[in-house]
Number of protein chains: 2
Amino acid sequence: METDSPWLTEQQQRVWRNWLRMNTELPAALHRQLQADSELSLPDYDVLVQLTDTAEGRVRVLDLARALRWERSRLSHHLKRMEGRGLVRREEVPADGRGSYVVLTSEGRAAIEKAAPAHVRTVRSLIFDSVGADELAALGAVVDKVLARLEEEERSRR
Amino acid sequence: METDSPWLTEQQQRVWRNWLRMNTELPAALHRQLQADSELSLPDYDVLVQLTDTAEGRVRVLDLARALRWERSRLSHHLKRMEGRGLVRREEVPADGRGSYVVLTSEGRAAIEKAAPAHVRTVRSLIFDSVGADELAALGAVVDKVLARLEEEERSRR
DNA sequence: CCTGACTAGTTGACGCGTCACCCAGTATCT
DNA sequence: AGATACTGGGTGACGCGTCAACTAGTCAGG
């Protein structure tokens, strides 16, 4: 009814619109920088980070999907493209005929080592350099709350 | 601000990762809800909102693109799909043989009127219900700063 | 009027992401 | 051993988004 009003307050609307806009423009800016300084996309970067974090740069596809919080299908598509560009390679799993490993190639390792410093610099420059520790804490609190709600919603969906 | 230290602090990393995750999961959740309650996608919704905000539900394509901050190409692609589903219609502009109007059809109007309440409810439930006015202000401040940096970066790019 | 620059909008190709479905290998139960 | 279910992973189709190239209409200068 009118008591819990169906719309957003002025302030909420303003923050919401800007938030949405930032959420489209920030990834776009990061993507541009990454493309300018390397041949990597943002998702490429995420995959390569996971692989470098792993001993031997070798992971089971499903483990990688879980670490990235990606769907198996999405990862499969993406790995196919990355494999085509020589960034990763697939290997069979001796113990399980269904599974496969994803292995970081030397090109892949070289690519992310080349790209990482400028990428981190860009993240810092676009966000953290202008956001103090107190603001960061407030932001973190909001993000955590929204994530908690999203998880709640996800649980209730199953 | 220590622009020379190459990595992020612990706190910054934590907030950054959660932020990224929220930025992928929040649109996904909103999209799911919209699809469940209507036949609209999030971009469809944005387009329809603009059209209903306009007198007569009739806008020049370029004006629409500017209002949405979309590229002309993206809008053109999207309008083609929406036109195929009967949500909008194109009309010629008498005064300028190049241009065209986008017109909201009655199906389009019905679709967004049906979808809007649940969508707003979801936004409120996922975000604003758990974020107080003080936190909202802090969030707004951060968002504004990041947007300012993005605009600065965009200007320097041209 | 004609030519050249500019503008409105479209198209095609490609990367990204989801959904529905498929396939093959493994585990289990009898 | 054979039927069945489950699991790891892949595919195809389609919507979304960007980039580069294109078409057609307009406009300004000669």
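Residue numbers start from 1 in every chain, and the chains themselves are labelled A, B, ... in the order their sequence lines are given, proteins ahead of strands. This one's a predicted model, so the numbers in the text were calculated from it and none came from an experiment.
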Practice task
Calculate the interatomic distance between B:Leu34 atom CG and D:dG15 atom P; express it in whole Å.
Solution key: 16 Å
Problem - B:Ser76 side chain vs B:Arg72 backbone, donor-acceptor pair below 3.5 Å - result: no
Problem - Atom-pair distance (CE on A:Met82; P on D:dG10), nearest Å - result: 14 Å
Practice task
May I ask you to say what B:Arg90 touches in the nucleic acid, namely base, sugar-phosphate or nothing, with a heavy-atom cut-off under 4.0 Å?
Solution key: sugar-phosphate
Practice task
Choose from C:dT18, D:dG10, C:dG17 the nucleotide whose nearest atom is closest to any side-chain atom of A:Val61.
Solution key: D:dG10
Exercise for the section: Give the rounded distance in Å between these two atoms: CD of A:Glu83 and P of C:dG15. Expected result: 15 Å
Fill in the blank from the handout: Ranking D:dC16, D:dG9, C:dT18 by distance to the side chain of B:Pro43, first place goes to D:dC16
Handout entry: N or O in side chain of B:Arg60 less than 4.0 angstrom from C:dG9 OP1/OP2
Key = yes
Practice task
Check the distance between C:dG15's C1' and A:Leu75's CG and give it to me in whole angstrom.
Solution key: 15 Å
Exercise for the section: Rounded to the nearest angstrom, tell me the gap between atom CZ in A:Arg72 and atom C1' in D:dG10. Expected result: 10 Å
Exercise for the section: Over 60° means perpendicular and under 30° means parallel, so classify the ring planes of B:Trp16 and A:Phe128, tilted if in between. Expected result: perpendicular
Practice task
Look at B:Ser41 and D:dC16 and indicate whether a side-chain polar atom (N or O) is within less than 4.0 Å of OP1 or OP2.
Solution key: yes
Problem - Below 4.0 Å: OP1/OP2 of D:dG10 and any side-chain N or O of A:Arg74 - result: no
Exercise for the section: Could you tell me whether the side chain of A:Arg81 has a donor or acceptor atom within less than 3.5 Å of a complementary atom in the base of C:dG15? Expected result: no
Completion exercise
A:Glu91 CD to D:dG8 P, in whole Å, measures 20 Å
Practice task
State whether the distance check finds a donor on one side and an acceptor on the other, under 3.5 Å, for side chain B:His31 versus base C:dG17.
Solution key: no
Handout entry: Sugar-phosphate, base or nothing in reach of B:Ser100, heavy atoms under 4.0 Å
Key = sugar-phosphate
Fill in the blank from the handout: Between B:His77 and A:His77, whichever has its closest DNA chain C nucleotide further toward 5' is B:His77
Problem - Any N/O donor-acceptor pair, A:Ser73 side-chain to D:dT11 base, under 3.5 Å - result: yes
Practice task
Identify, between A:Asp96 and B:Ser76, the residue whose nearest nucleotide on DNA chain C lies closer to the 5' end.
Solution key: B:Ser76
Exercise for the section: Give the rounded distance in Å between these two atoms: CG of A:Leu87 and C1' of C:dG15. Expected result: 14 Å
Exercise for the section: Taking only Lys NZ, Arg NE, NH1 and NH2, and the carboxylate oxygens of Asp or Glu, determine whether A:Glu92 and A:Arg98 approach each other closer than 4.0 Å. Expected result: no
Problem - CD (B:Gln11) with more than 12 external heavy atoms under 6.0 Å - result: yes
Problem - Ring geometry between B:His78 and B:Trp70 (parallel below 30°, tilted from 30 to 60°, perpendicular above 60°) - result: perpendicular
Exercise for the section: Check the distance between D:dC14's C1' and B:Arg85's CZ and give it to me in whole angstrom. Expected result: 12 Å
Handout entry: OP1 or OP2 of D:dT11 under 4.0 Å from side-chain N/O of A:Lys80
Key = yes
Practice task
Could you tell me whether the phosphate oxygens of C:dC16, OP1 or OP2, come under 4.0 Å of any side-chain nitrogen or oxygen in A:His78?
Solution key: yes
Exercise for the section: For A:Glu151, enumerate each residue passing the side chain to side chain contact (heavy atoms under 4.5 Å, CB included) test, keeping only those at least two apart in sequence or located in another chain. Expected result: A:Arg155, B:Arg21
Problem - Donor/acceptor link under 3.5 angstrom from A:Arg98 side chain onto base of D:dG9 - result: no
